[in-house]
Amino acid sequence: MGSTGGDRAILPTVLLFRRPDGAFSAALRERYRILDFRASGETLPAFLAAAAAEPEPPRAAIVVGGGSVLVDVSFLDALPSLRCVVSTGAGVDHIDLAECARRGIAVGNSGEVYSTDVADYAVGLLIDVLRQVSVAERYVRRGSWPVQGDYPLGSKLGGKRVGIIGLGNIGSRIAKRLEAFGCVIHYNSRKPKDSVSYKYFPNVHNLAAESEVLIVACALTKATWHIVNKDVLEALGKDGVIINVGRGAHVDEVELLVALKEGKIAGAGLDVYEHEPKVPAELFSMDNVVLSAHAAVFTEESRSDLWAYTIGNLEAFFSGQPLLSPVHADSLG
Amino acid sequence: METTPQSHADEKPLVFLAQPLFPEFAAALAGRYRFVLAADADSATSAEARVLLVPGLAPVTAQHLARLPALQLVAGTSVGVDHVDLDTCRSRGLSVTNAGPAFAVDSADYAVGLVVAVLRRVAAADAYVRRGRWAADGDYPLATKVSGKRVGIVGLGNIGSRVARRLAAFGCAVSYHSRSPKPSSPYTFVPTLLDLAVGSDVLVLSCALTDERKYMVNREVMEALGKDGVLINVGRGGLVDEPELVSCLRDGALGGAGLDVYANEPAVPPELFGMDNVVLSDHRAVITPESMRGVLEVITANLDTFFSGRPLVIYRSTAMLRL
């Protein structure tokens with residue numbers, strides 16, 4: 001994986017569509033000539049047109065998800081030189097994979113850089129919801145313990161049936177952790193996995209009906225948009241808990257709020273929402289939910305791993321090798 | 001059929017209570033035993049008592065025990081029995097039982113919940129979002145990875161061994177300290193608490209409180225754990241020098257803490273309320289309603305066994321209390 005350092009005039013050009021921190025920025029600039037969209041202050045069409053008009057137009061771009069930049073048909077039309085898109089997120093729902101495939105553009109994501117941290121966090125959220133760690137924390141912190149006595153008890157993890165939607169890098173790690181707690185693992189994915197002995201459910205409704213916990217850990221695609229809908233929430237039932245470390249759009253947020261308000265499910269642990277960073281205010285007063293700020297992926301360690309990995313993907317591309325973590329439309333979940 | 005004294009022939013066995021039963025216990029045990037609250041008993045009834053059931057953690061002192069000359073068994077409903085005068089029990093040859101492994105799973109689950117909550121700031125982030133700060137102030141600061149952390153467990157008994165198994169599944173490197181190594185354990189034994197603290201990122205306290213262990217987690221141990229180190233206590237508050245804990249956290253000598261127990265519950269040092277690298281809970285690790293039913297089974301089994309004259313399954317006999 002050689003660096004193309006040395007004569008700066010021949011560094012390959014890479015478009016950057018995310019805010020880098022100092023370390024990432026420095027590492028990128030050692031190897032590439034960076035055209036930074038945010039720093040340019042231009043509109044997207046103007047920025048892409050200027051890049052396309054260069055004598056050596058850029059062949060690679062780094063794009064993060066969740067922002068305003070979508071790698072869609074108009075983006076790709078504006079930059080015909082593009083041959084490689086690397087996402088610094090786990091998700092690639094901001095990239096039109098079918099269109100990229102049609103044009104022979106390689107797409108890479110962050111591979112397994114985040115998988116462990118997301119799995120750790122999902123389990124942490126579940127323990128928190130079931131055993132009420134955060135709500136007891138608030139209770140103690142505001143001085144209620146000496147005055148009002150013990151806060152009511154939570155519910156045991158062991159023996160609960162956990163239905164994992166998506167048994168990929170993240171889902172399989174969640175399963176391994178929860179097995180150590182004595183949970184029973186059920187799962188749904190596009191196809192059953194021969195390598196595991198967990199019970200497979202081709203249908204998410206049935207998965208929910210036979211589980212006390214539902215954990216969303218799949219990629220966001222057209223097929224999985226609102227995969228947790230009113231019907232699934234009802235099937236999960238009044239003792240059921242949902243944990244979402246996928247995308248806000250995996251869950252019908254309006255129906256989730258109704259289900260929580262009406263006691264149709266027992267609780268929720270949410271790391272993602274449909275309109276981040278806006279979180280429905282009704283959730284703030286609910287003690288049976290645990291809220292976090294899209295933090296499942298973020299630790300200091302995975303952040304620095306991510307920079308190395310992203311550069312690894314780019315180096316592979318520029319040296320004519322397959323990407324470290326190529327994404328194909330049909331390889332998701 | 002031989003005759004037995006008629007006044008007791010049809011009576012249920014007498015069980016003295018150190019304090020009133022929890023409602024759930026009372027409901028489940030009703031009709032099986034004749035319960036008398038020790039404080040209310042006259043000396044004649046006290047002289048008959050062979051069993052003292054200790055619901056909860058109210059102290060059972062030498063004076064209490066002296067009023068029960070026929071006592072043979074002290075049955076606790078908790079895991080820790082440090083609220084019972086064990087020296088007196090030992091010298092009188094009394095059997096002492098605890099809740100055994102009934103609560104171990106819940107304590108282990110909660111201990112792991114605290115580890116994740118502290119390292120990944122789950123509770124602090126929840127408070128942040130709840131106050132509307134995500135939209136206003138941006139992302140919550142980065143936390144640190146759980147997987148790969150070096151975890152040192154103090155006490156590899158029912159609780160500690162389960163904590164170990166769970167954190168190993170998270171990809172943590174697990175070592176432990178106890179009075180002696182457990183040859184059947186796959187984890188690394190470390191001969192001293194200080195060495196364990198030096199080599200760990202997270203220290204989990206899951207051992208019993210004994211006289212030798214009082215305040216064993218002192219400033220030296222906490223400084224060895226270090227400015228990025230985390231202390232998790234689901235054992236007893238008395239295992240930790242609490243004023244030093246507050247001071248180490250304040251000074252940044254210790255990175256963070258997850259605390260379910262304290263020196264003087266329910267009093268929590270108020271300085272902790274201002275720290276967001278600390279997760280506090282109200283001695284709740286140990287139990288869920290499901291486990292409560294498990295404890296009732298253990299207690300009922302112990303009492304039935306005792307009254308039938310069969311050998312008792314002693315989870316913690318006076319001899320074993322040296323651990």
Side-chain angles (χ1 to χ4, degrees), chain A residues 116-117 119-121 123-128 130-147 149-151 153-159 173 176-182 269 276-279 281 283-285 289-296 298-303, chain B residues 105-106 108-110 112-117 119-136 138-148 162 165-171 258-259 265-268 270 272-273 279-285 287-292:
Chain A
T116 300
D117 286 336
D120 290 349
Y121 205 83
V123 175
L125 279 178
L126 180 60
I127 301 173
D128 194 324
L130 288 178
R131 299 296 300 278
Q132 303 173 301
V133 178
S134 286
V135 62
E137 219 284 338
R138 286 198 288 284
Y139 181 78
V140 174
R141 206 168 272 262
R142 65 173 177 259
S144 298
W145 191 17
V147 178
D150 293 341
Y151 191 81
L153 296 174
S155 173
K156 201 180 187 68
L157 264 91
R173 283 168 170 79
K176 176 172 170 241
R177 283 149 177 69
L178 288 178
E179 279 190 294
F181 287 80
E276 295 169 19
K278 276 178 28 194
V279 175
L283 294 172
F284 296 161
S285 56
V289 303
V290 178
L291 306 171
S292 77
H294 205 143
F298 292 129
T299 62
E300 293 180 349
E301 295 87 346
S302 63
R303 182 57 69 86
Chain B
V105 168
D106 291 334
D109 290 351
Y110 207 89
V112 176
L114 285 176
V115 171
V116 180
L119 290 176
R120 299 295 300 272
R121 306 198 186 193
V122 180
D126 177 272
Y128 185 82
V129 174
R130 241 167 244 272
R131 280 188 218 122
R133 292 188 60 191
W134 190 17
D139 289 341
Y140 194 76
L142 287 183
T144 180
K145 211 176 183 66
V146 172
S147 179
R162 287 170 170 83
R165 179 166 173 245
R166 283 149 175 72
L167 289 174
F170 276 75
L259 306 171
E265 296 169 21
V268 173
L272 297 179
F273 295 155
V279 176
L280 306 168
S281 70
D282 58 332
H283 205 148
R284 65 193 295 100
I287 192 165
T288 56
E290 296 91 337
S291 296
M292 184 92 82

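Letters go in sequence order (proteins before strands), and every chain restarts at 1.
Each of B:Val122, B:Val115, B:Val112 was evaluated against A:Ile127; a single residue qualifies, B:Val112, per the side chain to side chain contact (heavy atoms under 4.5 Å, CB included) test.
Annotation: the span from A:Lys156 atom NZ to B:Met292 atom CE amounts to 12.0 Å, rounded to 0.5 Å. For the atom pair B:Glu265 CD and A:Trp145 CH2, the distance stands at 4.0 Å (nearest 0.5 Å). Atom CG of A:Leu157 is separated from atom CD of B:Glu290 by 9.5 Å, given to the nearest 0.5 angstrom. Here the CZ-CG distance, from B:Arg284 to A:Leu153, works out to 6.0 Å after rounding to the nearest 0.5 Å. Note: B:Asp282 CG to A:Arg141 CZ = 13.5 Å, rounded to the nearest 0.5 Å. Summarising the geometry, atom CZ belonging to A:Arg303 is positioned 5.0 Å from atom CG belonging to B:Leu142; distances are rounded to the nearest 0.5 Å.
The closest side-chain heavy-atom distance from B:Arg130 to A:Leu291 is below 4.5 Å. Considering only heavy atoms from C-beta on, A:Glu276 stays 4.5 Å or farther from B:Asp139 through its side chain. Between B:Val105 and A:Phe181, every side-chain heavy-atom pair lies at or beyond the 4.5 Å cut-off.
The part of B:Leu272 that comes within reach of chain A is its backbone (N, CA, C, O), which places non-hydrogen atoms under 4.5 angstrom from that chain. Heavy atoms closer than 4.5 Å to chain B are found in the side chain of A:Val279, but not in its backbone. Proximity to chain B (any heavy atom under 4.5 Å) is restricted, for A:Ala295, to the backbone atoms N, CA, C and O. For chain A, the nearby parts of B:Val129 are the backbone and the side chain; heavy atoms of each come within less than 4.5 Å. For A:Leu283, the part sitting under 4.5 Å from any heavy atom of chain B is the backbone (N, CA, C, O) and nothing else. Residue A:Asp128 touches chain B through its side chain alone, counting heavy-atom pairs closer than 4.5 Å. In this structure, the portions of B:Val279 lying under 4.5 Å from any heavy atom of chain A include both its backbone and its side chain. A:Gln132 touches chain B through backbone and side chain together, each having a heavy atom under 4.5 Å away. Only the side chain of A:Thr116 comes within less than 4.5 Å of a heavy atom of chain B; its backbone N, CA, C and O stay farther away. Proximity to chain B (any heavy atom under 4.5 Å) is shown, for A:Arg173, by neither the backbone nor the side chain.
Of the listed residues (B:Ala125, B:Gly171, B:Ala135), the one with the most heavy-atom contacts under 4.5 Å to chain A is B:Ala135. Listed options B:Leu114, B:Val116, B:Leu280 were ranked by heavy-atom pairs under 4.5 angstrom with chain A; first place goes to B:Leu280. Of all the listed residues (B:Ala136, B:Gly113, B:Ala143), the one sharing the greatest number of non-hydrogen pairs under 4.5 Å with chain A is B:Ala143. Put simply, of A:Gly158, A:Ala136, A:Ser155, the one with the most heavy-atom pairs under 4.5 Å next to chain B is A:Ser155.
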Does the side chain to side chain contact (heavy atoms under 4.5 Å, CB included) test come out yes or no for B:Thr288 and A:Arg131, once each step is laid out?
CA-CA 8 Å; B:Thr288 56; A:Arg131 299 296 300 278; 3.4 Å; yes

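Of all heavy-atom pairs between B:Lys145 and A:Asp117, the closest is CG-OD1, 2.9 Å. Taking every heavy atom of both residues into account, A:Glu301 and B:Thr144 meet most closely at OE2-OG1, 2.6 Å. Between B:Phe170 and A:Val123, the closest heavy-atom pair is CZ-CG1, 3.5 Å. Residues B:Ala117 and A:Val133 share a closest heavy-atom pair of CB-CG1, 4.3 Å. Nearest heavy-atom pair across B:Arg120 and A:Ala296 is NH2-O, 2.7 Å. Shortest non-hydrogen contact noted between B:Trp134 and A:Ser292 is CZ3-O, 4.1 Å.
Salt bridge annotation for B:Asp126-A:Arg138: present, with a cationic side-chain nitrogen under 4.0 angstrom from a carboxylate oxygen.
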